[in-house]
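Read through the structure below, which is laid out as structure tokens, and then see the notes.
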Amino acid sequence: MKPLGPIPTGYSAIDGVLAVGGRKVTDWVDEEGATPLFLYSADLVRSRIAQLRTALPERIALHYAVKANPFAPLLAMMNGLVDGFDIASGGELEIVRAAGIDPRAVSFAGPGKRDAELEAAIVAGVTLNLESEGEAARALAIAERLGVTPQLAVRVNPDFDLKGSGMKMGGGAKPFGVDAERVPALVRHLIDAGADWQGFHIFAGSQALDAEAIADTQAQTLALAARLTQEIGQSPPRCNLGGGFGIPYFPGDTPLDLDLVGQRLAEAMAALPGKIESTQFCIELGRYLVGEAGVYLARVIDRKESHGEIFLVTDGGLHHQLAASGNFGTVVRRNYPSAIATRFGAEPEEEATIVGCLCTPLDKLADKGGFPRADVGDLVAVFCAGAYGASASPASFLGQGPARERLV
Ligand SMILES: *Cc1c(COP(=O)(O)O)cnc(C)c1O
């Protein structure tokens with residue numbers, strides 16, 4: 001038997017069936033008329049945001065990194081709950097605008113922004129987090145041609161990274177941001193060129209569960225912002241401190257100590273030099289806001305045995321939940337939290353491997369987990385499906401098409 005990841009808090013059973021948003025998942029599936037289905041719990045997102053507001057210093061604004069989950073109803077709900085949105089493409093700009101989000105609350109990072117994307121963002125009044133001097137030159141030229149003042153921030157490639165993070169995005173040679181030592185010259189150039197300089201974006205990594213590591217990185221980030229401010233001689237209107245707050249996906253993972261992060265951040269902010277006192281700081285979070293609020297549901301289509309092992313074959317798979325199959329940025333495959341949704345809370349009775357319907361051995365949702373007995377027609381739940389699920393999986397693979405999604 002291989003262990004399963006920890007099921008996030010906030011899930012319970014009604015009559016032995018997993019409940020989301022106060023109803024049995026079987027009710028939601030019946031209403032939708034088909035599986036596979038992603039369910040996103042509005043209550044769980046709201047309570048996570050409330051926890052953050054309580055734990056973090058009041059001065060810290062909260063941004064949502066749209067790439068974690070760009071589902072339109074979710075974005076529309078987020079609109080009243082967070083202070084800003086971070087996008088990473090022109091496509092996401094269209095998505096946030098369609099959701100009714102004010103482009104002035106949006107910042108746009110990401111390498112390889114095309115001229116058309118820069119133009120759309122500048123016209124809309126979105127803040128561009130510039131990734132290079134070359135991108136800065138293109139943005140300035142486009143703004144001049146259009147006769148508008150661009151909102152420009154500089155993404156800094158910090159000279160440190162977030163220890164223990166799943167994805168390092170700073171420290172050393174990187175395609176992201178401008179190396180810290182070249183930032184003051186670029187900022188002075190932007191100001192001289194007449195741009196509305198918006199400040200810094202400093203993002204050092206993702207998916208960290210170690211509060212001390214996050215706190216150390218935030219302290220380093222603040223110190224770097226202060227040093228850059230000193231060199232530039234003008235304080236940044238805004239400073240995005242990055243994020244990197246992780247969620248437990250795998251056996252042995254424990255939740256982030258949010259209170260410790262908040263305490264240490266308050267201490268680091270209290271120690272800031274005067275020059276940076278008027279700066280509006282924010283953090284940007286994706287998976288921490290929405291990851292644990294999502295469940296992926298698939299139906300068991302076949303139950304079979306091979307060489308003594310039980311396989312539950314579902315109508316879902318890696319084309320919707322690439323990360324749960326272990327093929328999205330993980331080195332060793334480990335089990336996501338999963339359960340038989342129609343026997344939620346029942347004791348494990350057998351070892352079974354839950355697979356998808358794709359004709360590839362990669363398509364595993366749970367490998368040799370302990371589950372109550374499931375048969376054809378039962379529903380399987382894969383948790384931690386609220387971030388990097390539907391939009392980060394190859395839905396067209398094998399002609400399968402996208403899953404249904406619903407905010408409840
Ligand atoms: C992907 C990304 C995020 C979100 O990361 P999470 O791990 O989902 O919180 C935030 N900021 C930037 C710059 C990113 O690239």
Side-chain angles (χ1 to χ4, degrees), residues 8 40 45 48-49 51-52 56 60-71 74-75 78 82-89 91-93 96 106-113 121 126-132 135 153-158 161-171 174-178 198-211 213-214 217-218 221 238-250 253 255-256 258 261 281-294 322-323 328-330 384-393:
Y40 309 122
V45 173
R48 176 49 58 89
I49 291 172
Q51 285 166 3
L52 280 158
L56 297 177
I60 298 283
L62 192 57
H63 286 199
Y64 176 53
V66 170
K67 81 171 188 285
N69 188 335
F71 185 52
L74 181 70
L75 288 180
M78 288 286 204
V82 297
D83 310 303
F85 291 83
D86 297 314
I87 59 169
S89 73
E92 286 188 348
L93 175 57
V96 295
V106 176
S107 57
F108 180 1
K113 301 183 194 76
V126 164
T127 294
L128 287 169
N129 292 333
L130 298 169
E131 303 274 351
S132 72
E135 191 174 272
V154 174
R155 180 163 177 184
V156 182
N157 175 24
D161 62 19
L162 174 53
K163 299 277 175 302
S165 68
M167 282 190 207
K168 298 198 191 320
M169 310 239 331
K174 289 283 179 300
F176 313 110
V178 176
Q198 287 294 311
F200 308 120
H201 175 214
I202 309 175
F203 181 82
S206 210
Q207 179 51 22
L209 292 170
D210 179 350
I214 290 180
T217 298
Q218 287 180 334
T221 304
R238 295 196 250 170
C239 180
N240 180 332
L241 300 172
F245 296 16
I247 60 173
Y249 286 104
F250 301 117
D253 282 357
L256 179 65
L258 192 58
V261 173
F281 290 97
C282 76
I283 56 167
E284 53 175 353
L285 299 173
R287 76 188 76 221
Y288 196 74
L289 298 187
V290 296
E292 289 164 293
L322 188 64
F328 190 63
T330 37
C384 294
Y388 307 107
S391 71
S393 302

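Every number for a ligand or one of its atoms is a count from 1 in the order of the listing.
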(request) Tell me whether the centres of the aromatic rings in F203 and F176 are closer together than 6.0 Å. (result) no
Nitrogen or oxygen atoms of [X] and ligand 1 under 3.5 Å apart:
X	result
E284	yes
K67	yes
Y388	yes
F245	no

(request) Answer yes or no for F203: is there a heavy-atom contact with ligand 1 below 4.0 Å? (result)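 It does; at least one heavy atom falls under 4.0 Å.
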(message) I'd like to know if the side chain of D83 reaches the main chain of L62, judged simply by a donor and an acceptor atom lying under 3.5 Å from each other, with no hydrogens or angles considered.
(response) yes
(message) Taking G386's backbone N and O only, do any of them form a donor-acceptor pair with N69's side chain (distance below 3.5 Å, no angle check)?
(response)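 Side chain of N69 to backbone of G386, a donor-acceptor pair under 3.5 Å: yes, one is there.
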(request) Side-chain contact test, heavy atoms from C-beta onward, threshold under 4.5 Å: evaluate it for M78 versus V66 and give yes or no. (result) no
(message) I need the single residue from I49, L74, V96 that forms a side-chain contact (heavy atoms from CB on, under 4.5 Å) with Y64. Which is it?
(response) L74
(request) Give a yes or no on whether a salt bridge exists between K113 and E135, defined as a side-chain N under 4.0 angstrom from a carboxylate O. (result) yes
With heavy-atom distances below 4.0 Å as the criterion, list the atoms of ligand 1 near [X].
X	value
H201	13 (C)
A65	3 (C), 4 (C), 10 (C)
S206	5 (O), 6 (P), 7 (O)

